Structures are given as C-alpha cells and as structure tokens.
Amino acid sequence: MQSSAVNESQLVIDSHQESGHHGHPDHRMFGVILFLIADSMTFIGFFAAFLIYRAIMPEWPPEGTPELELLVPIINTSILVTSSFVMHKGQVALKNNDIQGLQKWFAITAAMGVAFLAGQGYEYFHAEMGLTTNLFSSCFFAVTGFHGLHVTVGVLLILSVLWRSRTEGHYSSTSHFGVEAAEIYWHFVDVIWLILFVLVYLL
Amino acid sequence: MEQVHPQRKWQDYFSFSTDHKVIGVQYLVTAFFFYFVGGALAEAMRVELSTPDPDFVQPEFYNQLMTMHGSIMLFLWILPAGAAFANYLIPLMIGAEDMAFPRLNAVAFWIIPPGGIFFLSSFFVGAPQAGWTSYPPLSLVSGQWGEEIWILSVLLLGTSSILGAINFVTTILRMRIPDMDIHSMPLFCWSMLATSALILLGTPVLAAALILLSFDLIAGTAFFNPAGGGDPIVYQHMFWFYSHPAVYIMVLPFFGVISEVLPVHARKPIFGYRAIAYSSLAISFLGLIVWAHHMFTSGTPGWLRMFFMATTMIIAVPTGIKVFSWCATLWGGKLNLNSALLFGIGFLSSFLIGGLSGVMVASVPFDIHVHDTYFVVAHFHYVLFGGAVFGLFAAVYHWFPKMSGKMVNETLGRIHFVMTFIGFNLTFLPMHPLGLQGMNRRIALYDPKFQALNELVSIGSYLLALSTFPFIINIVWSVFKGKPAPRNPWRALTLEWQTASPPIIENFEEEPVLWAGPYDYGIDTESIDGDEEVEDMLAEVAGNT
Amino acid sequence: MKIPSNIVTLIAGITLTLISLWYGQNHGLMPIAASAEAAEVDGLFNLMMTIATGLFLLVEGVIIYSVIKFRRKEGDTTDGPPIEGNVPLEIVWTAIPTVIVFILAIYSFEVYNTLGGLDPMASHDHLASHNHHEMVAMDEGNSQLIAMNGEKVALGLGQSPYLEESSPLNVNVNGIQYAWIFTYPDTGIVSGELHVPVDRPVQLNMSGGDVLHAFWLPEFRIKQDVIPGRESQLTFTPTKVGQYPVICAELCGAYHGGMKTTLTVHSAEDYQQWLQDNTIAQTPNSEQLAVNSEQ
Ligand code: HEA
Ligand code: HEA
Ligand code: CUA
Ligand SMILES: [Cu+2]
C-alpha cells in the first residue's frame with residue numbers, strides 16, 4: 001500500500017538521522033497506555049449501564065432469571081488471574097535474554113486464555129437463558145461477550161508474539177515492545193474481568 | 001544550505017501516505033467535501049421550511065435530511081476538520097519530523113472516506129430518521145437498516161477519532177524539541193491536549209451505547225426498549241456523556257486556532273497565556289460533568305437537574321476568561337484586517353452570542369420552555385458555525401500559504417467573509433424568537449404564524465450557500481495561480497513558519513531553534529542582540545519578505 | 001494594558017447598563033404568559049436578557065472599537081506593545097462571571113422550586129393517596145414500571161411549595177404517535193383536546209405508549225417528556241382564559257410536527273358547561289364535533 005513517495009521520505013528521514021540527529025525515542029508504550037485508558041472507558045460505560053439498571057429496576061435480576069452457576073466462572077477467574085503471573089514470568093525470562101523461557105511461559109498463557117474462553121463457551125451453552133430472555137440476561141451476555149472478545153484479542157496478541165519470537169533476535173532484553181504490550185494488555189483484561197466478576201456474579 | 005528537497009507530488013495526496021502534512025490536507029479536503037454535502041442537505045431543509053406545509057419533501061424524508069445533516073456536519077465535517085489542523089500543525093509547531101505514530105495516523109484518516117461514503121449510502125436503503133441523537137425507542141422503530149448504518153458509521157468515525165487522539169497526545173507530550181517546555185508551546189497544542197483527553201474519555205462510552213443500541217435493533221434485546229423491560233433514559237445518559245464533551249471536542253481546536261491567529265495579525269502577544277492554556281483544561285474537565293443538561297425535561301429528577309445546571313453554568317467562567325483575553329489581545333494592537341483576522345473576529349463576535357444563549361439554556365426553568373425548540377437550534381449553530389466554522393475559515397486563510405506555498409486573494413477572502421457573516425446572522429438570529437414563540441425543532445410542517453421569520457431564515461441560508469463560492473473560487477485559483485508565498489508571510493513566531501512554504505518533507509532542514517516564545521511580538525530585540533542566528537530570524541520576522 | 005479611565009468610559013458604562021436594563025424588560029420575545037408559573041420564568045428570562053445584553057454590548061463594543069481604532073496603518077510593520085497579561089484585570093473578569101453565574105444559579109433554583117420542580121415526590125404521595133385507582137388504571141399497558149428503590153418517582157413539575165394545598169384537577173394524558181388523549185378520571189370524559197377551568201391548579205399525569213413525546217405548553221412555559229414505562233407529571237395554574245397550543249416537542253416520527261392540539265382555558269361557568277356537554281353525551285356525535293373542531 002505504501003507509495004514510492006513515502007519510501008522516499010523514509011529515506012530522507014533515515015539519512016537525516018545518520019547525520020547526527022537525536023534518535024527516535026520509542027513512544028509506543030505511551031500510546032498503548034492511552035489506548036487502554038480509552039478502552040477502559042468502554043467497559044466503564046457498560047458497567048455504568050448495568051449499575052443503573054440495577055438501581056432503578058424494581059427487581060434485579062428480574063423475576064424468573066435463573067441463578068448463575070458460580071463454579072465455572074470461579075475456575076475461570078483463577079485461570080485468568082494465574083495466567084497474568086505466568087505471563088510475567090515470560091517477560092522476566094526475556095529480560096534475561098532467555099527466548100525459550102519466553103516462549104514457554106507465553107505458550108502456557110495462551111493455553112490458559114483458550115481454556116478461559118472454553119470455560120465461557122461452556123457457561124454460555126449451559127446457561128438457562130438466552131441473549132433476549134430479559135434485561136439481565138442481555139446485560140450478562142453483552143458484558144461477558146465483550147470481555148471475551150478482549151480475551152480473544154489478547155490470545156491472538158500472545159500468539160503473534162510467539163510467532164515473531166521464532167525469528168532470531170526479534171526480541172531481546174533490550175527490544176521487547178511487543179512482549180510488553182501484549183503483557184500489559186493481558187493484565188488489563190484481567191483486571192476488567194475481576195470487576196466484571198464482582199458486578200455480574202457476586203452483587 | 002543549497003540542498004534540494006523532494007516535494008510532494010499530487011499523487012501522494014491520494015495514497016496511503018504517512019506524512020502528517022499530507023494526512024492533514026487529506027483530512028481537510030475530505031471534511032470540506034462532506035461540508036458541501038451536509039450544507040446541501042441543509043439547503044434542502046430550508047427550501048422545505050420556507051413554507052409551513054410539507055410540500056417540497058415528504059415529512060419522512062425531511063427527518064432523513066435533518067438526521068443526515070446533523071450527523072454529517074458533526075462527525076464528517078467539524079471533527080475531521082479539527083483533526084486536519086491538528087495533524088498538519090502539531091509536529092510543525094513543536095519542531096518534530098512527524099507524528100509519533102505515522103502509520104496509525106494514516107489508518108485513522110483512511111477510515112473516514114469509506115466510513116463517510118458508507119454513511120451516505122444509507123440514503124439508498126432509507127436514511128436514519130431519528131435525529132443525530134438517535135433516541136430509542138424511535139430509533140428502533142423507524143427503519144432498521146438506515147439506523148444500523150448510522151450506528152456502524154459513527155462507530156467507525158469514533159474509532160478514527162480515538163486513534164487520532166492517541167497520536168496527538170503522544171506527539172505533544174513526548175516529541176517537543178528539547179528547548180520547548182510545556183509552557184512555551186503554542187496554545188493550539190494546549191487546546192489539542194484538552195480535546196484529545198475528551199476524545200479518549202468520551203468516545204468509548206458512546207461506542208458502548210451504540211453497541212447496545214445495535215443489539216436492540218438487530219438481535220432483539222431490550223436494553224433501551226421499554227416494551228421489553230429496558231430503559232430509554234440510560235441511552236440518553238450514555239449518549240450525552242460523549243456528546244456533550246463532543247461539542248467541546250468540536251470547538252476547542254478552534255479556540256486554539258484563534259489563540260494563534262489573533263496575536264499574529266494583531267502584532268501583540270497573546271494576553272494571558274497561562275490563563276488560556278489552563279482554561280482549556282478546565283473546560284475539558286467541566287465538560288465531563290455537565291451532560292445531563294440535554295435532559296432537563298427528560299427522565300431526570302429535580303435534584304439532578306439542579307446539579308447539572310450548576311456545573312454547566314460554571315463553564316461560562318473559563319470560557320469567559322478566553323473571550324476576554326482574546327479581546328485584550330486585540331486591544332491596542334496593530335490589526336492587519338486580512339481574511340484570517342476577519343474570520344477570527346467573526347468567531348469572537350458570533351461565538352459570544354452562542355455562549356450567552358448557552359448559559360440561558362443551562363438555566364433549568366428557562367430550558368424547560370425552550371428545550372427542543374429553534375432557540376436551541378439557534379444556540380448550537382451560533383457556537384458550531386459562528387464558533388467552530390468561523391474559526392476553521394480563519395485557520396484556512398492563516399495557514400493556506402504554509403500548506404500550499406501560495407498566497408490567497410485577499411479581496412475574494414473579504415467578500416467571502418462579508419457574505420458569510422451577513423448570511424450567518426440572517427439565518428440563525430431569527431431562530432431565537434422562533435423558538436421562544438413556540439416553534440419546535442425537527443418538524444417539516446409548522447404553524448403558519450411562523451412563516452415570515454422562516455422565510456427570512458431560508459433567504460439567509462441561500463446567501464450562506466452562495467458565500468461558499470467566492471471561497472471555493474479563491475482556493476482553487478490560488479492553488480494554481482496564486483502568488484508564491486514566502487516562508488513566513490505573516491512574520492509569525494511559531495515554529496511552523498521557520499520552514500519553507502510548503503514545508504519540506506522532513507519538515508525542518510535542521511532542528512529549529514526556539515529563539516523566542518510563540519507570542520513574543522514587540523519584545524525588546526536589543527536584549528537578545530549578538531546571536532547571529534537570532535538576528536537572521538529577527539530580520540526575517542521584521543518584515544522584509 | 002491601558003484601560004481608558006476617563007469620563008467617556010463612565011458614560012459608555014452607564015449607557016450600556018441603561019440599554020441592557022431597558023432591553024431586558026422590553027424585548028417582547030416571549031409569547032403571552034398564561035399562568036402564574038409563566039410569569040416567574042419570564043422574570044428569570046428578563047434578568048438573563050439584561051445580563052446577556054450587557055455582556056454582548058461590552059464585548060462587541062470592545063471588538064468594534066479595536067477594529068476601528070487599532071487598525072494597522074499602511075506600511076507600518078512594527079509590533080504593538082508587548083503586554084502579556086494584567087493580573088488585577090484577569091481577576092476581575094474571572095470574578096464577575098463567577099458572581100453572575102452564582103446569582104443566575106440561585107435565582108433559577110428559586111424559580112424551579114416555585115414551579116414545583118423539586119417536589120414531584122411529595123406531590124406524588126399526595127396523588128397516590130387521593131387518586132389511587134387512577135394510578136392503577138394508568139399502569140396498565142406499562143408492564144414494567146420503573147422505580148427507584150422500589151418507590152415510584154414521578155418526573156416533572158409537582159405542586160409549588162408556595163401554593164396552598166388545594167385539590168388540583170387531575171387529567172391523565174396519554175401521548176401516542178401523533179395524538180394526545182386526555183382522560184378526566186373524575187368524570188370519565190375522554191377527549192382529544194384539553195379543557196380546564198381558569199385559576200384552579202391542574203395536574204397532568206402523563207404516560208406514553210410507543211416512543212418518546214414531550215408535552216409542551218409554550219404560553220405556560222412548561223414541558224416534560226412523556227416516557228413509555230415511566231410516569232411524569234406537570235402541574236400548573238392557568239390564569240388567562242383563552243385557547244393555547246399543545247405541542248409535542250420530542251421527535252416522535254414523521255408526523256411529529258403534526259402532533260398538536262389545543263388547550264382551552266374556560267371561565268368557571270364555561271368549564272361546567274363543557275363538562276356537562278361532554279359527560280351527558282360521550283356520543284359519537286360529540287366526538288365528531290371534537291374532531292371537526294380540530295380541523
Ligand atoms: C461547539 C459546540 C458547542 C459549544 C461550545 C456549546 C457551549 C455551551 N452550551 Fe451548547 N449545545 C451544542 C453545542 C455547543 N454548546 C449543541 C450541538 C447542542 C444541541 C444538541 C442537540 O440537542 O441536538 C447544545 C445544547 C445545549 C444545551 C441543551 C439545550 C436543550 O436541548 O434544551 C445546553 C443546556 O445547558 C447547552 C449549554 C451550553 C453552555 C452553557 C455552553 C458554554 O460552553 C458556553 C460558554 C460561553 C460563554 C458563556 C460566552 C463567553 C463568556 C463570557 C463573555 C463570560 C461572561 C458570561 C457569563 C457570566 C454568562 N447547550
Ligand atoms: C457544524 C455543524 C453544523 C453546520 C455547519 C450547520 C449548518 C447549517 N445548518 Fe444545521 N444542524 C446541525 C449542525 C450544523 N448545521 C446539527 C447538529 C443539527 C441538529 C440535527 C438534529 O436535530 O438531529 C442541525 C439542524 C439544523 C436545522 C434544524 C432542523 C430541524 O430541527 O428540523 C436547520 C434548519 O434550518 C439547520 C440549518 C442549517 C443551515 C442553513 C446551515 C448552513 O450553514 C449551511 C450552509 C450551506 C453550505 C455552506 C453549503 C453550500 C454548498 C452547496 C449549496 C452545494 C454546492 C456544492 C458544491 C460547490 C460542490 N440545521
Ligand atoms: Cu409526539 Cu413528537
Ligand atoms: Cu451540552
């Protein structure tokens with residue numbers, strides 16, 4: 001997609017840099033954090049709507065809503081929380097230039113993410129309500145579904161880190177933006193889940 | 001310094017370029033395209049409204065025109081136009097080579113044209129007709145596909161705007177040349193910081209609301225549908241949580257523009273730099289806690305109405321600080337009344353009216369009377385057209401030499417200003433009495449007793465439409481035949497004027513020197529005597545261009 | 001910053017104040033005020049017009065004066081004086097708007113309270129105890145009533161706390177795509193137009209069937225959305241006999257603009273007459289009449 005003119009400009013900029021210009025500092029983490037702030041506002045929007053419904057409806061959950069099973073979500077919660085620590089070990093391994101360690105721990109994290117999604121799928125399948133049963137069920141599926149989407153994206157990010165780590169020297173103790181970004185995103189998804197869990201299942 | 005620098009070719013402007021200057025121009029041209037579309041829809045509405053009966057278009061189609069007009073003007077005209085100047089100017093103003101994330105920047109832009117075309121395509125399946133606010137339950141029962149296209153387009157455009165904001169904040173906070181601390185950066189950058197904060201905090205909430213609305217529309221849920229146990233008021237809260245800040249997203253960039261344009265052409269430092277900078281942040285913060293003033297007659301209990309009335313009114317204080325500071329900047333200056341400054345002054349005088357009517361509608365008992373009437377329509381056209389659009393034209397005239405390397409024709413520019421100013425007031429001033437007297441908004445048929453004023457409004461709007469022609473002619477003619485512009489035709493001090501017009505691809509030949517603050521007009525030149533480089537610059541600014 | 005502090009400024013200030021005061025009272029922008037509440041709102045609006053006119057003249061005056069007085073002379077390339085701020089001046093123009101805003105907020109609060117805006121809960125209790133059966137009737141069709149903590153909240157304007165507790169005339173209002181239907185619970189009259197006696201408080205209990213509507217009486221300066229699934233109410237006391245438009249102010253579909261009817265304020269006798277005419281014969285005939293008179 002890139003036009004020749006752009007490459008040209010790239011060239012100019014590059015040569016520019018060699019001529020003793022100050023280097024390009026890396027701003028990508030900063031950008032990722034701004035993005036996560038924005039993304040968290042989406043969840044805050046959903047949670048606020050949920051809380052408002054809770055506050056104004058005469059009955060919440062509405063009459064006839066089946067009790068939510070807690071077993072699967074609790075297992076899921078522990079998987080997700082643990083996975084954050086597992087993932088961090090991967091990053092620590094990378095800091096010691098241990099690419100294999102990174103790959104191992106990240107692979108486990110991805111597997112745990114998939115397990116979480118499977119658990120959620122199981123829960124959806126066995127829930128005695130559907131998206132349109134009532135307001136509570138709609139909220140339930142919308143919020144957990146939107147979170148599940150984030151988990152899916154997180155797993156994809158981890159997989160792409162794994163894919164790239166196969167290239168010799170792509171990640172190292174000094175160059176690890178992709179790893180860090182995937183990790184901070186994963187922690188973010190984790191924290192959101194904890195809030196969601198309290199709001200939807202426990203309250 | 002006899003290096004030859006490659007210049008942009010015209011093809012670049014149609015490509016996925018990552019140069020922020022190209023992207024800025026792309027944004028601007030796209031925005032103008034949609035301005036003409038949105039304006040044409042407005043003219044169709046005005047033709048309809050020149051008589052009390054729905055004789056020109058069916059009422060149903062009128063509602064489509066109205067919805068499309070509002071949505072296009074906000075999401076495809078003013079928002080991208082603000083982003084256009086932010087993209088073009090921020091790196092130049094802070095001495096950077098490009099934005100922090102050039103590719104992301106290009107992606108953000110390239111979402112807009114397809115999104116906009118997609119949005120327009122809704123006319124083929126029956127455009128949305130529930131107003132730009134899309135309140136359920138009406139939006140759920142008035143044409144499914146048009147409404148869904150509206151939702152998807154707004155989601156797309158919102159994404160674009162979030163990506164843009166991430167870029168702006170990162171660039172402003174992290175890429176200033178080392179000499180430039182945050183209190184010596186141009187005020188436009190301050191206002192873009194405030195704007196971007198609102199985008200980042202507000203837009204996602206709108207996205208959440210629209211996702212839920214979409215579920216209601218397509219999947220049969222009932223989040224906002226009372227018929228299924230939901231609550232339409234929750235939508236209103238979520239919608240306005242974004243859409244009130246959105247009105248400041250639309251005007252803050254142009255506050256920034258005015259803070260740039262006035263000092264240059266008045267040849268005086270901006271009055272109260274810090275006060276203006278901080279009041280942008282204050283407006284941004286307050287803007288987040290006033291949203292329910294759009295819901296004073298809706299499902300809002302009395303005490304909540306009182307709370308939001310108080311927070312809303314307080315916004316008059318930081319905005320007043322700006323307005324007064326701008327007036328003080330003009331006072332005692334040496335005004336060069338060219339097109340840019342004329343539009344800047346037009347901004348001041350029209351925005352003032354819109355702001356004053358804004359404080360009036362903030363008062364709950366009065367708003368109960370005028371809510372959803374033409375008084376509100378008058379209010380927001382005064383702030384949006386009188387504010388944002390006048391500011392935008394000031395920006396176009398001010399930076400056109402920089403962007404194109406050509407000067408504009410001043411005579412045509414002044415004709416444009418006079419026609420716009422008269423047409424604008426003729427169109428929107430009579431809307432105030434209309435609303436007070438009892439004409440509600442969003443109607444295709446109205447009481448015949450309002451016909452006379454409506455005819456006046458329609459005539460004004462025709463003049464307004466005509467006023468764009470001198471502008472278009474001027475721009476097209478100047479791009480091709482205009483007098484070549486020197487690097488600093490206005491003898492301005494901000495960094496974008498230290499490079500060629502148009503700027504070379506990498507922006508600056510070498511890192512620019514910050515030898516004066518952005519607004520140090522009339523400073524004592526003797527005090528910085530001795531530095532050769534600075535003397536060169538001073539000679540240039542002193543006017544022998 | 002050089003502030004011209006001479007006699008001219010003083011005269012300009014006085015003129016400005018006088019013009020604002022005059023215009024604030026004589027703008028003639030509002031339609032006639034047909035209720036006590038409307039007069040309150042107009043008082044508030046007049047004050048706001050006065051302030052707005054003053055600020056308008058001040059700022060535009062400064063702009064126009066600058067444009068005329070501080071124009072650049074041909075060929076003059078020097079800069080203006082390097083004034084970057086003036087702390088006392090800036091404090092003044094922060095403080096004055098703050099004070100104005102406080103005054104406006106407090107005054108608005110007062111007016112709103114007088115309209116009964118802070119009291120819909122209380123008057124709701126009152127309503128519930130006196131007219132319980134109508135409430136139940138109203139609830140039909142709204143399968144899920146929304147309530148806050150189990151207690152119903154009415155939205156809109158209740159009884160003014162400054163009025164003697166008097167028994168208001170209750171009318172149930174139903175807004176549907178594109179018509180208003182008024183039901184008089186005391187007499188069972190159903191009508192497409194609203195008829196009320198002069199000088200007696202009227203309480204409208206509003207509910208909606210399909211989409212949002214808003215009940216607006218421009219001559220009474222009151223408006224409230226009609227929200228399906230929620231109740232809202234408006235209370236007012238008409239003071240002028242006459243016919244006034246009833247307008248739907250919330251976009252409700254293609255014929256939103258056509259959703260209007262009239263409010264007739266009768267003298268006490270005329271109102272009795274109207275009641276009699278309509279109670280005796282809720283016949284097709286009289287409805288025919290009502291329909292005809294609408295056109
Ligand atoms: C650029 C866009 C923009 C801007 C800047 C504003 C600015 C303001 N707006 Fe406006 N507004 C809109 C766009 C905007 N608005 C739109 C689009 C709608 C309608 C949406 C819809 O329903 O479709 C709307 C509707 C709207 C409403 C709802 C009306 C209704 O639907 O019933 C209210 C109510 O409070 C309001 C208030 C204000 C206030 C208090 C300001 C303030 O920020 C203004 C502050 C400025 C000044 C006050 C002037 C300068 C100050 C001084 C000179 C100091 C001294 C002044 C005083 C002490 C008064 N606006
Ligand atoms: C920035 C925002 C913006 C701008 C610039 C405008 C500009 C105009 N608006 Fe807009 N308006 C809104 C935002 C804006 N509006 C919004 C948000 C609403 C609310 C919608 C809702 O209720 O949901 C609204 C509603 C609205 C209404 C009320 C509709 C109703 O409630 O029923 C009216 C009525 O007159 C109106 C009129 C106009 C007119 C005459 C212009 C004029 O300024 C336009 C002038 C026209 C031009 C400048 C175009 C000139 C070009 C041509 C004629 C074609 C030529 C083509 C080429 C050269 C290629 N607008
Ligand atoms: Cu009912 Cu508009
Ligand atoms: Cu607002």
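Being a predicted model, the structure only gives us computed values, none of them experimental. Sequence lines set the chain letters: A, B, ... in the order given, protein chains first and strands last, and positions in each chain run from 1.
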Side-chain contact, heavy-atom cut-off 4.5 Å: [X] with [Y]?
| X | Y | value |
| --- | --- | --- |
| C/P245 | B/D447 | no |
| B/L436 | C/F45 | yes |
| C/F70 | B/L330 | no |
| C/S108 | B/M309 | yes |
| B/P137 | C/L212 | yes |
| B/I321 | C/E90 | no |
| C/P97 | B/V317 | yes |
| B/F366 | C/V111 | no |

What part of [X] lies closer than 4.5 angstrom to a heavy atom of chain C: side chain, backbone, both or neither?
| X | answer |
| --- | --- |
| B/S298 | both |
| B/P263 | neither |
| B/V370 | backbone |
| B/I270 | backbone |
| B/I233 | side chain |
| B/I353 | side chain |
| B/R274 | neither |
| B/M295 | neither |

Self-check item: C/W216 side chain vs B/H369 backbone, donor-acceptor pair below 3.5 Å
Solution: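 A pair under 3.5 Å: yes.
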
Quiz prompt | C/E84 (side chain) donor-acceptor with B/G272 (main chain) under 3.5 angstrom | solution =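 Side chain of C/E84 to backbone of B/G272: no pair is present.
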
Spatial distance of atom [atom1] ([X]) from atom [atom2] ([Y]) [nearest 0.5 Å]:
| X | Y | atom1 | atom2 | value |
| --- | --- | --- | --- | --- |
| B/T373 | C/K223 | OG1 | NZ | 6.0 Å |
| B/N336 | C/K73 | CG | NZ | 12.5 Å |
| B/L138 | C/H256 | CG | NE2 | 10.0 Å |
| B/T297 | C/Q224 | OG1 | CD | 6.0 Å |

Chain B: which of [options] shares the most heavy-atom pairs with it under 4.5 Å?
| options | value |
| --- | --- |
| C/I64, C/D42, C/D76, C/L115 | C/D76 |
| C/G28, C/P81, C/A38 | C/P81 |
| C/A214, C/A95, C/A249 | C/A249 |
| C/L217, C/V226, C/I51, C/I63 | C/I63 |
| C/L58, C/T78, C/I222, C/T114 | C/T78 |

Practice problem: Could you pull out the closest heavy-atom pair between B/G131 and C/L251, with the gap in Å? | Solution: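 Taking B/G131 first and C/L251 second, the nearest heavy atoms are N-CD2, 3.7 Å.
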
